Amino acid sequence: MIGADVADLAQRARNWCSALETACARTTAAFAVEEGESAVGGGSLPGETLPTRLLAVTVPDPELTARALRTAAAPVVCRIQRDTLLFDPRTVLPAQEETLLAMLAAAVNATATPDPGDAPRSRHG
């Protein structure tokens with residue numbers, strides 16, 4: 001994954017964004033693609049990063065949603081930055097995407113506020 005192309009990572013993040021907008025359309029959650037950095041490694045390359053694109057998920061209570069993800073049937077760990085959940089496609093193998101999206105949709109649908117207008121919001125980058 002260290003050699004993954006940023007354009008491919010951006011496309012994967014956009015695909016995730018679209019899938020989650022549909023799966024979580026009845027909530028106030030917002031999904032976007034943002035620029036970010038992936039940590040390359042600990043002991044071998046401390047402090048080194050690579051550019052990436054991140055799926056950013058905005059929910060009313062990011063700590064609650066992150067806890068639901070960590071305790072899911074297939075646990076998911078994410079970063080929380082600026083009250084936003086961040087997911088890096090560089091850290092997810094293609095074979096893991098379906099499980100990630102299912103766990104994320106379940107957590108968001110269980111913890112995010114229902115949207116009275118049922119209109120999904122997007123900021124695809």
Side-chain angles (χ1 to χ4, degrees):
M1 299 303 271
I2 197 169
D5 181 70
V6 175
D8 293 338
L9 296 170
Q11 185 58 54
R12 289 178 67 200
R14 284 192 296 272
N15 292 345
W16 295 358
C17 198
S18 294
L20 290 164
E21 285 171 346
T22 300
C24 303
R26 296 185 181 273
T27 72
T28 58
F31 305 93
V33 177
E34 296 182 356
E35 292 184 8
E37 294 182 340
S38 297
V40 175
S44 59
L45 295 168
E48 293 296 317
T49 61
L50 292 171
T52 193
R53 297 300 177 267
L54 304 167
L55 169 67
V57 180
T58 304
V59 290
D61 187 341
E63 292 289 342
L64 178 65
T65 304
R67 186 171 34 257
L69 286 165
R70 287 191 306 272
T71 60
V76 175
V77 177
C78 65
R79 293 187 287 190
I80 300 176
Q81 198 169 357
R82 297 177 319 276
D83 291 326
T84 302
L85 303 172
L86 299 175
F87 301 86
D88 188 348
R90 193 182 296 278
T91 66
V92 179
L93 295 172
Q96 298 170 323
E97 286 186 6
E98 186 176 327
T99 300
L100 168 69
L101 295 175
M103 296 300 104
L104 186 49
V108 168
N109 283 320
T111 62
T113 308
D115 183 5
D118 285 345
R121 283 145 310 285
S122 160
R123 299 177 286 146
H124 294 254

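Along the sequence shown, the residues carry numbers beginning at 1. Only this structure's heavy atoms are used, side chains among them; waters, hydrogens and symmetry mates stay out. Predicted, not measured: the structure shown is a model, and the values here were computed from it.
- Under the 3.5 Å distance criterion, the side-chain polar atoms of Asn109 are matched with a main-chain donor or acceptor of Ala23.
- Leu69 is not connected to Leu64 by any chain of hydrophobic side-chain contacts under 4.5 Å among Ile, Leu, Val, Met, Phe, Trp and Tyr, and they are in different clusters.
- For the side chain to side chain contact (heavy atoms under 4.5 Å, CB included) test, no residue two or more places apart in sequence or in another chain qualifies with Ala106.
- Each of Leu54 and Leu100 belongs to its own hydrophobic cluster when Ile, Leu, Val, Met, Phe, Trp and Tyr are linked at side-chain heavy-atom distances under 4.5 angstrom.
- Across every non-hydrogen atom of Ala39 and Thr49, the tightest pair is CA-CG2, 4.3 Å.
- Side chains of Glu35 and Arg53 form a contact here, defined as non-hydrogen atoms less than 4.5 Å apart.
- Take Pro51 and apply the side chain to side chain contact (heavy atoms under 4.5 Å, CB included) test, not counting sequence neighbours, and it matches Val6.
- Scored by the side chain to side chain contact (heavy atoms under 4.5 Å, CB included) test, Ala74 finds Thr99, Met103 as partners (sequence neighbours excluded).
- Scanning all heavy atoms of the two residues, the minimum distance from Arg90 to Ser38 falls at NE-OG, 3.2 Å.
- Both Leu55 and Leu85 belong to a single network of hydrophobic side chains, linked directly or stepwise wherever heavy atoms of I, L, V, M, F, W or Y lie under 4.5 Å apart.
- Note that OG1 of Thr91 is 8.0 Å distant from CD of Gln96, once rounded to the nearest 0.5 Å.
- Between Thr111 and Arg67 the shortest side-chain heavy-atom distance does not fall below 4.5 Å.
- Rounded to the nearest 0.5 angstrom, Thr84 OG1 and Arg79 CZ are separated by 11.5 Å.
- Contact between Ile80 and Ala66 at its shortest, heavy atoms only, is CD1-CB, 3.9 Å.
- With a 4.5 Å cut-off on side-chain heavy atoms, Arg82 and Glu34 count as touching.
- The side chain to side chain contact (heavy atoms under 4.5 Å, CB included) test with Leu20 singles out one residue from Asn15, Leu101, Thr27, and that residue is Leu101.
- Under the 4.5 Å side-chain criterion, counting only non-hydrogen atoms from C-beta, Val92 is not in contact with Phe87.
- In this structure the side chain of Thr52 never reaches within 4.5 angstrom of the side chain of Leu50, judged on heavy atoms.
- Using a 4.5 Å heavy-atom threshold, the side chains of Pro60 and Thr28 count as touching.
- The distance from atom CG of Leu104 to atom OG1 of Thr65, rounded to the nearest 0.5 Å, is 8.5 Å.
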